[in-house]
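Heads up: the structure comes next, in structure tokens.
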Amino acid sequence: MGAWIVGLAFASGTARAQAPVPGWAWQRIQRWSFYRTDARGQRIWQSVPFTQMSPEERKGQLLEHLKDPGDRRAALAALTQWPLDQWAAQALSAGGPEAAHFLYLRGYRQAGADPFAYLGAPDRVDRPWTQGLGLHLDPGGWRFQWIPSPALFTQAGNAALPKGLDQAAQPGVLIHLRQLRPGLARLQALAGGSADGAGLVPALAQGSRAGFVVRHLEPWLRQASPALEPLAGREAWILHYGVERGPGNGLLGTLVFIPGDLPLRSQLLLGLLKLNPLSQGARARTVTWQGPGGQAQVQQLRGSGGVFHLVARPEGTWISDREAPLRALLFPGPQPSLGERGEWTRVALSAMAPDTELSFWVVPRLGAGDAFECEALRRRLAGAQQGTWPNPFVAKAAPRTGALALSVGAGPTEKLVAAILRVDRGADIAEPEMPAFAGGGSQLSPAQLQAYQAAVAGAAERRRQLEGLRRDLDTLLGALDLRGAALLWNGWVPAPPVTQAEKAALTELARLRREDPWRASRMQAEGAAGAFGGFGEPGMSPSLALALPVQPAKRVQVENLLKKLLPRLFQGQNQKQPFGSTELHRVRTHQAFTPAWALVGDTLVLGSDDGSVKAVAAGLLGQAPTLADSDSRAWARMEVDGARASQELETLLLAFLRGRQGSRWWAGEAAPAEDEAAAELAASLGPFLGALKSLGTVRIEWNWTAGGLEGRPR
């Protein structure tokens, strides 16, 4: 009620109100502190209530809060009290893609020939490159889907979310089951990774995961129930909200959506209760939830291991294992909904065929956001097309001697390689500023003046080096023939032996990370941590090689550029050795990562270690089998050792997740007994690992479709 009073007070003082502001936005705005400035522009450190400020002051404060990602959505929602053209330009400069997408959804058009220019460039490939992964079970077997940056493929799909599903908050994992019982059984049987590590089944007891739904309904999979039997063939969607990625999100749990009406709901509840005969006390009740803008009736059912929350709506029935996801559905708040991800869902669902039994999508939290929506909209509005062509000749650079070999054709390859070789820096190196009180240097001591001059000279030198690096990379890019590329991945490079001094440095760094994480991160960034050498952890370097054709007349230029670039990019001992008819170059860093390169005929091979470069060179020299041994007209062809690749990927993903959660896996310390990273991996990428492992050694052909890049085992 207090939020509505504040909202009415604001609306009554603003004659130009355009749209009602959601209650959740008012609640958040009330927690902010607002200050005025005096005639000299100095801030008056006395907080002023938002409702006591003038309309122009309110608008200015809201625009200022657009700079904070945590406040941005609330500020945008409140700014709709003014006409869009009064604040859109300032919002675009402060709010980035989120503000641009918000304005587009509300019909904003810029003045000029291109009314949607504010959505950004239609063909720039930015990180993260992976905006989603899909796994689909068709009658013929598994099919893989990669959703990259919209600039890499043509938006031609017309799929849409079913009615009602667009109201849910954007999940980390989205699952579609064509039939509920067979789909749940398939999910239960699909375990990825090693037997004692990741996998859906081993992690069923690890908190609120998609596995919770399987475990909760496992009795139904084993026995029939008259009340539940009609649901066996019903369509179902599962939305999983995993480990929290951002502060204040709070969305942890799993939502199940069954479209359409469910008759005899009381019999359904009784049937579910019978599946849990050991539960004691009150096992079902109806509660009223209050939220911003209204209330909702929720049925709660105690089951084995937790509580189910059920809500019936005209478009279908929602079941949740925790309150937060269902509350976000019933009372929309600052979390973006699936309805706001219309372009991403258009691409994702375009890969789902009518006879697909199971579809499983992973939505990376850093991707599939407003930037994806803006670029996809921009391309679709402009009618931008991306052509693709196969290149069978580059398959000679993909040896079949590793865990994974891949060769790709032309079209998107040019943009992707250009993004890899691009120097990304948010802003240029700033010039050090002389303080106003220094009087242009006259008030500084000789030592202070010398330090300032040294800082200016250092910044100028860093700018010169950065510009030189950009020029060299642009020159290298112009010398390559990017109508195809090949990739080899052969697991992980063994870590070099750790000396006693490095062990002591690791122990000291682990202690410092516990006691003073900020200082530890600064030491690592500045190269002051002895065991890291200022570069990175020594035990997690991939054995990876990329092969790119070189334009015939520019081989010498490429060779000279690489001899110049690598010593500037990596610190270490420069070495070279003959390898067949070519010469192998590497930078010995005394860590697992040893950047290397070689020119084999008209092909440049770049690798993270000399072993991967030698393997690709062997294929080019005819000393190893390659993907060129088999014919294919697909845009890309791949051969993968499923068992080995799934195990190696599990190692990488577990290390990444544990590192994100602050555990000290890199220091050789034991992981926690309840490994949250393993549980999250099981729920998100476990099915991918399981499907990959079940394939064995197999050839996969990849082609661009309306669903992105789709791979089919052959």
Side-chain angles (χ1 to χ4, degrees), residues 402 420-421 423 458 461-462 464-473 475-476 479-480 487-509 522-548 550 555-600 603-618 620-621 655 666-668:
I420 293 173
L421 296 180
V423 177
E461 176 62 20
R462 289 194 297 274
R464 187 189 65 80
Q465 292 182 3
L466 182 61
E467 289 303 319
L469 180 61
R470 284 174 172 157
R471 286 194 302 270
D472 289 343
L473 286 176
T475 304
L476 176 62
L480 299 175
L487 184 74
L488 172 72
W489 178 49
N490 197 26
W492 307 102
V493 180
V498 181
T499 65
Q500 289 298 325
E502 290 173 333
K503 287 181 180 179
L506 277 172
T507 304
E508 175 63 20
L509 189 60
R522 291 299 305 166
M523 287 180 60
Q524 186 176 344
E526 295 170 359
F532 284 75
F535 185 79
E537 199 278 321
M540 285 300 295
S541 178
S543 181
L544 192 68
L546 174 68
L548 299 167
V550 178
R555 187 182 188 280
V556 175
Q557 183 186 24
V558 169
E559 184 175 7
N560 293 332
L561 277 172
L562 287 170
K563 289 179 179 179
K564 176 183 176 183
L565 275 172
L566 255 67
R568 292 167 55 194
L569 293 174
F570 308 106
Q571 296 181 1
Q573 183 181 3
N574 296 303
Q575 300 175 341
K576 61 180 181 179
Q577 67 180 76
F579 184 77
S581 59
T582 187
E583 192 172 57
L584 178 72
H585 300 259
R586 70 179 180 184
V587 179
R588 172 59 68 187
T589 62
H590 302 289
Q591 299 182 27
F593 181 78
T594 306
W597 63 277
L599 275 167
V600 186
T603 303
L604 169 64
V605 185
L606 299 169
S608 60
D609 70 313
D610 53 333
S612 60
V613 175
K614 289 179 180 179
V616 174
L620 289 168
L621 295 172
W666 43 263

Quick one: side chain to side chain donor-acceptor pair (under 3.5 Å) partners of Ser543, sequence neighbours excluded?
-> Asp609
Gap separating the CG atom of Leu421 from the CG atom of Leu548, nearest 0.5 angstrom | 7.5 Å
Leu606 and side-chain contact (heavy atoms from CB on, under 4.5 Å): which partner among Leu562, Val613, Val616?
-> Leu562
Residue set satisfying side chain to side chain donor-acceptor pair (under 3.5 Å) with Glu508, at least two apart, ordered chain then number -> Arg511
If we only count heavy atoms from C-beta on, is the Leu544 to Ser608 side-chain gap below 4.5 Å?
-> yes
Could you tell me the separation between the CG atom of Leu620 and the OG1 atom of Thr603, rounded to the nearest 0.5 Å?
-> 5.0 Å
What's the spacing between Phe570 CZ and Thr594 OG1 if we round to 0.5 Å?
-> 10.5 Å
One should read off an interatomic distance between Leu584 CG and Thr582 OG1, to the nearest 0.5 angstrom, of 8.0 Å
Salt bridge (Lys or Arg N to Asp or Glu O under 4.0 Å) contacts touching residues 490-500 (sequence neighbours left out) | none
Does the side chain of Trp597 reach to within under 4.5 Å of the side chain of Leu604, using non-hydrogen atoms?
-> yes
Closest heavy-atom pair, Ser612 versus Leu488, reported as atoms and distance to 0.1 Å, is O-CD2, 3.9 Å
Atom of Val605, atom of Ala545 and distance for their closest heavy-atom approach | CG1-CB, 4.3 Å
Would you check if Asn574 and His585 make a side-chain contact, meaning some heavy-atom pair closer than 4.5 Å?
-> no
Looking at CG of Leu565 and CG of Leu469, how far apart are the two atoms once the value is rounded to the nearest 0.5 Å?
-> 6.5 Å
For the residue pair Val550 and Val558, what are the closest heavy atoms and their distance?
-> CG1-CG2, 3.7 Å
Residue pairs involving residues 577-594 (criterion salt bridge (Lys or Arg N to Asp or Glu O under 4.0 Å); sequence neighbours excluded) | Arg586-Asp610
Less than 4.5 Å apart, any side-chain heavy atom of Val493 and any of Pro542?
-> no
Considering residues at least two apart in sequence or located in another chain, which fulfil the salt bridge (charged side-chain N to carboxylate O under 4.0 Å, His left out) criterion with Arg464?
-> Glu461
Sequence neighbours excluded - salt bridge (Lys or Arg N to Asp or Glu O under 4.0 Å) pairs with any residue from residues 562-580 | Asp472-Lys564, Asp472-Arg568, Glu559-Lys563
Kindly indicate, with the supporting measurements, whether the criterion side chain to side chain contact (heavy atoms under 4.5 Å, CB included) is fulfilled by Thr589 and Gln571.
-> CA-CA 7 Å; Thr589 62; Gln571 296 181 1; over 6 Å; no
Taking atom OG1 of Thr475 and atom CZ of Arg470, what is their separation to the nearest 0.5 Å?
-> 14.0 Å
